[in-house]
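As structure tokens, the structure follows; a few thoughts come after it.
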Amino acid sequence: MKRKVGKPIGQEFFNRPTLVVAEELLGQYLCRQIEGETERHIITEVEAYDGQEDKACHAHKGKTQRNQVMFGPAGQWYVYLCYGMHWLLNIVTGPEEYPAAVLFRGLQTTTGPGRLTKCLQINSDQNEKPALPDSGLWLEASALNICKEDISRTPRIGIDYAGSPWVEAPYRFILKI
DNA sequence: TAAGTGATCTCT
DNA sequence: GAGATCACTTAA
């Protein structure tokens, strides 16, 4: 898909298969505006959560108040509290009524999904908002040219309960830098 | 390696 | 309403 460097990434980018979106997000910018200052961080690690069939996906038991945003249109943030202290940031992908999202696990400047949101001052205020500059949190295409050789794929973290084949599914994407 | 932490979900 | 669970981090 064509992306213009320095332009916000729009909904059409996210309204595609979750695994494709996850892989292509590597190397792009996650942008955050705080008190008038804009920060840009290269995305280095993401995980895909793909639909109701995926037992590791929050939506696998159906729609609830928490996960309903995943059933909505692509390109909106899904932010939730994990282990009572960490906000985790996801972007909704795929068509409406297909619950899927990509979890942001790491940036060039931070490691770990909980520290990422702490660093960018992300909390439930961003939940269900569109990923556009108006919301203060959005994505931009970078000038980096990512090759297949630059990407590692591994199973996802912290989802041992999901069982086979979801435990071992290589839905985690890491940029080797 | 284990504890901290609290929203969410499932079962009464 | 109560109890279990949980896409993590930190300090030891």
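All values below were derived from every heavy atom in this structure, side-chain atoms included, with hydrogens, water molecules and symmetry-related copies excluded. Residue numbers begin at 1 in each chain, while the letters A, B, ... track the order of the sequences.
In this structure A:W138 satisfies the ring pair (Phe, Tyr, Trp, His ring centres under 6.0 Å) test with no other residue, sequence neighbours excluded.
Residues in residues 115-124 of chain A take part in no side chain to side chain donor-acceptor pair (under 3.5 Å) pair, two or more places apart or across chains. Residue pairs meeting the side chain to side chain donor-acceptor pair (under 3.5 Å) criterion with at least one member in residues 83-102 of chain A, sequence neighbours excluded, are A:T18-A:T93, A:D50-A:Y98.
If you chain together ILVMFWY residues whose side-chain heavy atoms come under 4.5 Å of each other, A:Y161 ends up grouped with A:Y49, A:V69, A:M70, A:Y78, A:Y80, A:L88, A:V92, A:L103, A:I159. Members clustered with A:F71: none, using a 4.5 Å side-chain heavy-atom cutoff among hydrophobic residues.
If you check residues 113-131 of chain A against DNA chain C, the residues with a heavy atom closer than 4.0 Å are A:P113, A:G114, A:R115, listed by number. Of the residues in residues 99-111 of chain A, those lying under 4.0 Å from DNA chain C by heavy-atom distance are A:L103, A:R105. Listed by residue number, the members of residues 152-172 of chain A with any heavy atom below 4.0 angstrom from DNA chain C are A:I157, A:G158, A:I159, A:Y161.
Looking at A:D125 and A:V79, their side chains never come closer than 4.5 Å, going by heavy atoms from C-beta outward.
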Output a table of donor-acceptor pairs, distance under 3.5 Å, between side-chain atoms of residues 169-177 of chain A and any protein atom two or more places apart or on a different chain; print 'none' if there are none.
residue, atom, partner, partner atom, Å
A:R172, NE, A:E45, OE2, 2.8
A:R172, NH1, A:T154, OG1, 3.2
A:R172, NH2, A:E45, OE2, 2.8
A:K176, NZ, A:E149, O, 3.3

Check the interface with nucleotides 8-12 of chain B: list each N/O to N/O pair with the protein under 3.5 Å, or write none.
residue, atom, partner, partner atom, Å
B:dC9, OP1, A:T64, OG1, 2.4

Give each protein N/O atom lying under 3.5 Å from an N/O atom of nucleotides 2-4 of chain B, with the pair distance.
none

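To the nearest 0.5 angstrom, A:E140 atom CD is 8.5 Å from A:Y29 atom OH.
Stem analysis of DNA chain B (at least three stacked-register Watson-Crick or G-U pairs, each with both distances under 3.5 Å) gives B:1-4 with C:8-11, B:6-11 with C:1-6.
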